[in-house]
Amino acid sequence: MSLKTFAGGLHPPDSKSATAHKPIEACPLPEELIIPAAQHIGAPADICVAVGDQVKKGQVIATAKGFVSVPIHASTSGEVIAVEPRPHPLGRPLPAVVIKPDGEDAWDEALEQHDPAQLVGEELKQLVLAAGIVGMGGATFPAHVKLSPPEEKPIDTLILNGVECEPFLTADHRLMLEESTRVIDGINILRKILGIERAVIGIEANKPDAIEKMTAECAPHNIEVQALEVKYPQGAEKQLIDAVTGRQVPSGGLPMDCGVVVQNVGTAAAISDAVRLGRPLVERVATVTGPGIKEPKNLKIVIGTPLSHMVEFCGGLEGEPGKIIMGGPMMGQTQLSLEVPAIRGTSGLLLFRKGDFSTRPAGPCIRCGRCISVCPIHLQPTTIATYARLNLVDEAESNNALDCIECGCCTYICPATLPLVQSIRHIKGGIMAKRRKS
Amino acid sequence: MLTAILCLGGIGLIAAATLGVAAKKFAVEVDPREAAVLEALPGANCGACGEPGCSGYAKGVADGRLAPNLCTPGGSATIEAIAAILGIEAVAAEPRVAVVLCQGDNEKATEKYRYLGMADCNAAQKLADGPKTCPGGCLGLGSCAAACPFDAIEMTASGLAVINRDKCTGCEKCVSVCPRQVIVMAPKASTTHVLCNSRDKGAQVRKYCQVGCIGCNICKKTVPEAYQIESFLARVEYEQDENAAAAIEKCPMKCIHDFSTGYPEGSRLGSKKAASGENAAA
């Protein structure tokens with residue numbers, strides 16, 4: 001099997017060996033769950049419970065507001081002890097529902113089981129929305145939106161993202177090994193919703209066991225498995241489409257513009273639960289790893305578990321913590337404290353000690369061009385960053401700053417440690433503000 | 001030789017005649033006062049008047065659409081000049097300057113995290129609301145200094161913006177660029193200010209800043225008419241400026257400052273003592 005890939009990108013050390021072989025362990029319930037209303041891209045959900053309410057696992061505690069939004073559910077049964085702003089992974093306190101578990105972990109009886117064979121695509125899609133399914137790779141884009149392409153854009157291929165190109169993370173890897181049945185069931189439901197036949201799972205070649213297992217199990221379902229070159233950002237949507245189909249998403253376009261829908265393997269597994277068991281998205285797999293943790297593990301966590309609880313279950317901190325990252329090291333978000341909860345997009349928790357990472361201040365650009373050679377979108381990061389520094393919005397826009405996927409390759413490779421992605425993201429905000437004005 | 005002179009001379013004459021006719025026929029009527037007003041303006045295109053630039057303001061004034069005293073950078077001299085051109089009475093606006101309501105530099109205020117990103121306050125503010133623990137404090141990355149068309153803002157070595165009151169023309173560019181609303185406009189004659197922008201409770205302020213207002217009311221008790229306190233933050237009543245200075249020594253956090261005695265500590269514009277010494281000498 002030949003290894004497909006895209007042009008550009010780079011090879012950070014993958015650092016997955018600490019957890020790649022470890023089975024998923026269930027993380028016990030914490031003393032209190034903090035479930036934020038904003039866990040997805042789009043409008044935050046409207047909280048619809050009050051202090052003192054008794055909730056069941058899977059009960060809606062916040063309703064979707066608008067099309068690009070999803071409902072939020074209670075992750076366990078118990079009492080609502082607070083509805084107030086709490087620390088959020090975005091770095092500021094945001095509205096959240098705090099639940100004190102009653103220990104019974106009882107599912108809401110109102111949840112209905114369904115047989116996907118008996119339902120049509122539109123009904124299945126409503127179940128996906130009702131279950132609050134979002135992209136589990138970390139971007140948390142509501143899944144039902146991706147599954148609603150307009151009629152003039154026919155879809156012919158479904159790509160399942162099992163790439164997991166971020167270093168350190170092994171959650172999707174373990175999921176494919178241990179829960180392949182759920183993943184494949186989810187793929188079949190997705191194919192039915194989209195009304196298409198072709199489905200391809202893309203997996204990076206550094207997971208040979210997952211490739212072998214998925215190939216064997218997918219064969220009877222007519223699902224292709226494509227091994228991909230180990231390269232970052234192989235799992236970025238547009239790069240994955242390029243590698244698997246050879247098609248390129250046009251500038252400013254979406255995958256549906258070239259007939260493709262991409263979903264994460266974790267999303268597929270969650271969709272299977274949502275339809276077959278009627279269970280909403282209240283738990284996920286996350287990798288807790290890095291040199292700053294005693295026992296790195298792959299955990300099955302309920303949404304709203306404080307990071308400190310996950311750290312405790314993994315044996316505690318090793319040495320003095322220097323940096324906490326939610327998600328992968330390339331695109332994850334640095335956290336201010338361990339008091340924030342894990343949310344639907346939390347694919348991992350990385351802990352680094354002081355001295356594990358560089359804090360060299362940025363120097364001047366030496367015009368080496370490395371950022372240009374690694375950019376998977378073929379932009380000129382250093383040029384756009386200069387325009388950002390000088391606040392030249394029109395110039396940045398004409399250099400296609402909006403096409404930047406913020407993968408972090410340029411910042412990673414820059415020998416002057418320039419904050420290129422941050423600068424580009426900043427000017428992207430400026431371009432969007434200008435467009436809103438005009 | 002002669003042919004050449006005749007040819008070129010002929011072309012010259014025809015061109016001159018055409019241009020002469022065109023200049024008369026297609027002349028655009030310009031209000032001569034507009035050009036004169038534009039001449040009198042400072043030409044910084046700062047936008048303080050609300051127009052995109054000086055020419056827009058000149059046109060507005062000449063049309064009678066805009067008041068003649070909106071050019072703050074020009075000061076009273078410009079207003080008088082404009083009034084003379086338009087033949088109206090000069091009404092000088094009260095000069096205003098920008099003030100940074102913060103003294104919490106890197107040494108006096110704590111940070112939530114170490115920021116190593118681009119030197120732009122608005123970019124830093126997007127990362128968990130900025131590195132400074134205080135939600136209202138100056139981030140010290142110099143976006144206001146970069147935006148100032150008059151080079152009136154100094155960034156101190158320890159990361160704090162200080163506005164040069166002599167150079168500031170009151171154009172408000174810095175006010176609009178600051179993501180933390182820590183810069184306000186105040187009458188130039190009011191020199192006493194509470195240099196703090198934190199609306200948190202006192203106990204919280206003490207945790208992250210050595211010079212933050214804790215809302216203790218002592219200033220208001222000392223000079224009741226000169227201070228008002230809202231959300232644990234004291235503000236000087238500008239009309240009572242001359243009385244306000246009496247509370248400076250009483251403030252336990254040392255966050256009230258009188259600019260007539262010089263600039264805050266750490267500024268190269270002159271510390272309190274140096275400035276008062278120079279003033280005395282002058």
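In the text below, chain A, chain B and the rest are named by the order of the sequence lines, each starting its count at 1. Excluded from the calculations below are hydrogen atoms, water molecules and symmetry mates; all remaining heavy atoms, backbone and side chain alike, are included.
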Interatomic distance, CD@B/Gln228 vs CZ@B/Arg235, rounded to 0.5 Å, equals 8.5 Å
Under 4.5 Å to a heavy atom of chain A? For B/Asp129 that would be both
Honestly, the part of A/Leu336 sitting under 4.5 Å from a heavy atom of chain B is side chain
The interface call for A/Thr411 against chain B, heavy-atom contacts under 4.5 Å, is neither
So CD of B/Gln103 and OG1 of B/Thr156: to nearest 0.5 Å the spacing works out to 11.0 Å
Here the pair of heavy atoms bringing B/Cys174 nearest to B/Ile153 is CB-CD1, 3.7 Å
If one checks every heavy atom of B/Ala147 against chain A at 4.5 Å, the contacting part turns out to be neither
A/Arg86 with A/Glu32: basic N within carboxylate O range, under 4.0 Å:
yes
